Q: 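Please see the structure below; I have some questions.
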Amino acid sequence: MAAASTNSFLVGNKTQIPKSTSQSLLHLTKPNTLTLPGIKKTNPVSVRCVSSPTQLQDGSSKSSTGSQDRVFNFAAGPATLPENVLLKAQTDLYNWRGSGMSVMEMSHRGKEFLSIIQKAESDLRKLLEIPSEYSVLFLQGGATTQFAGLPLNLCKPDDTVDFVVTGSWGDKAVKEAKKYCKTNLIWSGKSDKYTKVPSFDELEQSVDAKYLHICANETIHGVEFKDYPVVKNPNGFLVADMSSNFCSKPVDVSKFGVIYGGAQKNVGPSGVTIVIIRKDLIGGAQEITPVMLDYKIHDENSSLYNTPPCFGIYMCGLVFEDLLEQGGLKEVERKNKVKAGLLYDAIEGSKGFFRCPVEKSVRSLMNVPFTLEKSELEGEFIKEAAKEGMVQLKGHRSVGGMRASIYNAMPLAGVEKLVAFMKDFQAKHA
């Protein structure tokens, strides 16, 4: 694996630079000593890592320290994280709150990590105002694993599940569910290249559907539900994959039986999957359900049946703290609307030079796909943007074009810089 940068190691008073090392976030503050037989004892040698500029793929350099030197990362996930969260994690990395160990070294059953996971859940409950009759599970395997976990836990093989498919992830969910239940595709936007959400009145739901599944925000196609359908079966419930708009706005959790999502887009690093599930829906898993997919097992063990992704959960906890300190999800949504509005206005104001294919009423606040009128310029756009410190703007391989993912942690300054670049690019090439 190619090194992200070169680190200079200060040994005594001399600087030694290895040919290839990885970027270091850790500064060792305690001197290390080593005594060998037959060798005269010397003074302790202090070793610390000093990061030198990072070499980017386009040949430009960025230093690893200071906010002014970080790129604006528009990746769809793993995605940008709040800078203050990263700095807090950096401070705690070597010795978490005087415990003498890193979070990555802790026993997941020790009091230190228990305090971390319990606070993370508590803060998430505050953010989303999660009712007490819902359980919060911190799992692994990504939202994709839940495509199987949901039908295995929530229905029997002969039960029917309705699906509304507004993009690639909803399509993957229905294909996986077919292995474990009867699926009914009641609406798909594929023929329109996934650019809209259906009118809920036109949905012909199954009268006996166990649940209705939606993907609340399609990361690839940039389509977002602004409201949610009501399940017609009085005994049914709504299930939503919220991976890419999780904690981006207030949500009435009581409208759903299950909300789930991967953390790596909006609330943490990759490796954590969050499932919020009504407690009365737990305990009816099919016999073939693997133990690691059984919600009852994880609920009874408070997400600690086996070793969880400890550091990822810790990072999610820091993000939850940060969102609360910002004023909660109403304030977060306000900021997100400002950022998205700025970018969509720039696209609309370009008179066709830039184009967003998604129907205006359901355009995502998180993922903004767009193309160029002159498609042959898209490669140059992405390359030139990278030189200006704006990376990961290339669209998903299945749809092409460009995509700017502007999650909670993307600062307004990042969107403003992108918009200014777009206007300059148009002036040069229109």
Side-chain angles (χ1 to χ4, degrees), residues 85 113-140 142-143 145-146 149-150 153-154 211-217 224-231 236-268 272-284 294-305 308-309 312-334 336 365-366 407-408:
V85 166
F113 183 72
L114 287 179
S115 70
I116 290 172
I117 192 171
Q118 288 168 1
K119 187 175 188 305
E121 179 179 339
S122 176
D123 285 349
L124 179 58
R125 285 184 176 276
K126 290 177 186 176
L127 277 170
L128 285 171
E129 300 180 357
I130 301 173
S132 59
E133 58 266 28
Y134 285 75
S135 289
V136 175
L137 308 177
F138 292 100
L139 307 177
Q140 304 179 63
T145 299
Q146 299 309 313
L150 288 161
N153 278 273
L154 302 176
Y211 61 88
L212 170 61
H213 182 281
I214 64 170
C215 180
N217 185 78
E224 182 174 21
F225 281 79
K226 305 303 181 180
D227 197 5
Y228 306 103
V230 175
V231 178
F237 49 90
L238 184 62
V239 174
D241 175 357
M242 292 192 180
S243 293
S244 53
N245 66 348
F246 189 69
C247 285
S248 67
K249 59 183 179 180
V251 171
D252 184 352
V253 175
S254 66
K255 289 184 177 181
F256 301 84
V258 184
I259 292 171
Y260 70 102
Q264 72 276 8
K265 300 178 185 298
N266 234 351
V267 296
V272 180
T273 307
I274 297 171
V275 173
I276 301 170
I277 180 170
R278 213 172 66 205
K279 290 181 179 180
D280 64 298
L281 300 177
I282 299 173
D294 192 332
Y295 295 152
K296 185 173 186 288
I297 293 292
H298 293 293
D299 185 50
E300 289 177 344
N301 289 275
S302 302
S303 301
L304 297 170
Y305 175 73
I313 293 171
Y314 157 75
M315 289 294 293
C316 288
L318 294 184
V319 173
F320 298 152
E321 281 184 8
D322 179 65
L323 295 175
L324 286 169
E325 289 171 1
Q326 288 184 47
L329 297 186
K330 287 184 179 179
E331 175 61 14
V332 169
E333 181 184 31
R334 184 193 68 78
N336 287 332
L365 295 183
M366 299 286 98
Y407 298 122
N408 292 348

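The figures that follow rest on heavy atoms only: side chains count, while hydrogens, waters and symmetry mates do not. Quick caveat, the model's predicted, so the values are computed rather than measured.
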Q: Pair I274, F138 - check side chain to side chain contact (heavy atoms under 4.5 Å, CB included), show working.
A: CA-CA 5 Å; I274 297 171; F138 292 100; 4.0 Å; yes
Q: So, do V253 and P131 sit near enough that their side-chain heavy atoms are less than 4.5 Å apart?
A: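 A side-chain contact exists here, since the closest heavy-atom pair is under 4.5 Å.
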Q: Rounded at 0.5 Å granularity, tell me how far OG in S122 sits from CG in L324.
A: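 Here the interatomic distance stands at 9.0 Å.
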Q: Taking everything shown except K296 itself, do over 12 heavy atoms lie less than 6.0 Å from its NZ?
A: no
Q: Between atom CD1 of I297 and atom CD of E300, what is the distance when rounded to the nearest 0.5 Å?
A: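 Separation between the atoms: 6.0 Å.
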Q: What I'd like to find out is whether the side chain of I259 reaches to under 4.5 Å of the side chain of F246, using heavy atoms alone.
A: yes
Q: Once you round to the nearest 0.5 Å, how far does CE of M242 lie from SG of C215?
A: 9.5 Å
Q: Determine the sole option in Y228, F256, Y211 for which the ring pair (Phe, Tyr, Trp, His ring centres under 6.0 Å) test with F237 is passed.
A: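 Going through Y228, F256, Y211 one by one, the ring pair (Phe, Tyr, Trp, His ring centres under 6.0 Å) with F237 is satisfied by Y211 alone.
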Q: Find the distance between CG (L281) and OH (Y295) and round it off to the nearest 0.5 Å.
A: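 The OH atom of Y295 is 10.0 Å from CG of L281, to the nearest 0.5 Å.
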Q: Would you say the side chain of T273 lies within less than 4.5 Å of the side chain of T145, judging by non-hydrogen atoms?
A: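 Answer no - side chains too far apart.
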Q: Going by salt bridge (charged side-chain N to carboxylate O under 4.0 Å, His left out), name the residues that satisfy it together with K226, two or more places apart in sequence or in a different chain.
A: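 If we apply the salt bridge (charged side-chain N to carboxylate O under 4.0 Å, His left out) test to K226, skipping adjacent residues, the hits are E224.
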Q: Mind checking the CG-CG spacing from N217 to L365? Nearest 0.5 Å is all I need.
A: 8.0 Å
Q: Identify the two heavy atoms, one from N266 and one from S244, that lie closest to each other, and give their separation to 0.1 Å.
A: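 Distance-wise, the nearest heavy atoms are ND2-O, 4.0 Å.
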Q: Grab the two heavy atoms, one from L127 and one from G328, that are nearest each other, plus how far apart they are.
A: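 Of all heavy-atom pairs spanning L127 and G328, the closest is CD2-CA, 4.3 Å.
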Q: Which heavy atom in P250 sits nearest to a heavy atom in L329, and how many Å separate them?
A: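 Heavy-atom minimum between the residues: CD-O, 3.5 Å.
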Q: Under 3.5 Å, side chain of S243 to main-chain N/O of G262, donor-acceptor pair present?
A: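 Yes, S243 side chain to G262 backbone: donor-acceptor pair under 3.5 Å.
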Q: Under a 4.0 Å N-O cut-off, is there an ion pair linking K330 with E333?
A: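 Looking at K330 and E333, the cut-off is not met.
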Q: Is there a side chain to side chain contact (heavy atoms under 4.5 Å, CB included) between L124 and C316? Walk through the geometry before answering.
A: CA-CA 9 Å; L124 179 58; C316 288; over 6 Å; no
Q: What pair of heavy atoms forms the shortest contact from Q146 to L139, and how long is it?
A: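 Here Q146 and L139 meet closest at NE2-CD1, 3.9 Å.
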Q: Between I277 and L154, does a side chain to side chain contact (heavy atoms under 4.5 Å, CB included) hold up when you go through it step by step?
A: CA-CA 11 Å; I277 180 170; L154 302 176; 4.2 Å; yes
Q: Are any of the side-chain heavy atoms of F113 and L304 separated by less than 4.5 Å?
A: yes
Q: Counting only heavy atoms from other residues, nucleotides and ligands, does the tally under 6.0 Å from CD of E129 exceed 12?
A: no
Q: Do you know the tightest heavy-atom contact between R125 and S132?
A: NH1-CA, 4.4 Å
Q: Roughly how far apart are L238 CG and I214 CD1, rounded to 0.5 Å?
A: 5.0 Å
Q: Scan side-chain atoms only and decide if N408 and N336 contain a donor-acceptor pair under the 3.5 Å cut-off.
A: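 Side-chain D/A pair, N408 to N336: present.
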Q: Assess whether side chain to side chain contact (heavy atoms under 4.5 Å, CB included) is satisfied between Y407 and K265, documenting all intermediate values.
A: CA-CA 7 Å; Y407 298 122; K265 300 178 185 298; 3.7 Å; yes
Q: Taking all non-hydrogen atoms of both residues into account, name the closest pair between F320 and D123 and its distance.
A: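 Taking F320 first and D123 second, the nearest heavy atoms are CB-CB, 3.8 Å.
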